[in-house]
Amino acid sequence: DEVDHCIASGITVVESEIAALFAVCAARGARAGAVVTIMGIEPPTNVPVDWDEIADTQWRLFEAMLGTLANAAPPG
């Protein structure tokens with residue numbers, strides 16, 4: 001039923017590791033955060049790709065998430 005619901009809703013991919021992380025954290029009362037970045041998509045041939053900039057952006061996002069979690073109020 002859940003798979004059919006996801007397909008009918010247009011959901012084609014489920015990130016199971018993040019889902020597991022959220023489930024464990026919810027059960028234990030811990031905070032969790034996740035950001036999904038999509039790599040491996042072939043860019044158009046006429047668009048240059050700056051892989052260093054992509055890596056830098058992902059690192060800044062990771063640091064921002066850590067800062068947000070560190071400053072967030074405890075759950076509950």
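Since the model is a prediction, treat every value here as computed from it, not as a measurement.
- For residues 21-30, no residue pair satisfies the salt bridge (Lys or Arg N to Asp or Glu O under 4.0 Å) rule, not counting sequence neighbours.
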Name each donor-acceptor pair under 3.5 Å that joins a side chain in residues 3-10 to protein atoms two or more places apart or in another chain, with its distance.
{"unit_1": "Ser9", "atom_1": "OG", "unit_2": "His5", "atom_2": "O", "d": "2.9"}

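- Here Phe62 pairs with Trp59 under the ring-ring contact (aromatic ring centres under 6.0 Å, His included) rule; sequence neighbours left out.
- When the side chains of ILVMFWY residues are joined at heavy-atom separations under 4.5 Å, either directly or via intervening members, Val24 and Leu21 end up in two distinct hydrophobic clusters.
- Note that the CZ atom of Phe22 and the CD atom of Glu15 stand 9.5 Å from one another [nearest 0.5 Å].
- Shown here are the side chain to side chain contact (heavy atoms under 4.5 Å, CB included) partners of Ala26, two or more places apart in sequence or in another chain: there are none.
- When all heavy atoms of Met65 and Gly33 are compared, the pair lying nearest together is SD-C, 3.7 Å.
- Among residues two or more places apart in sequence or in another chain, the side chain to side chain contact (heavy atoms under 4.5 Å, CB included) test is passed with Ala19 by none.
- Evaluation of the salt bridge (Lys or Arg N to Asp or Glu O under 4.0 Å) test over residues 55-71, restricted to residues two or more places apart or in two chains, returns Glu53-Arg60, Asp56-Arg60.
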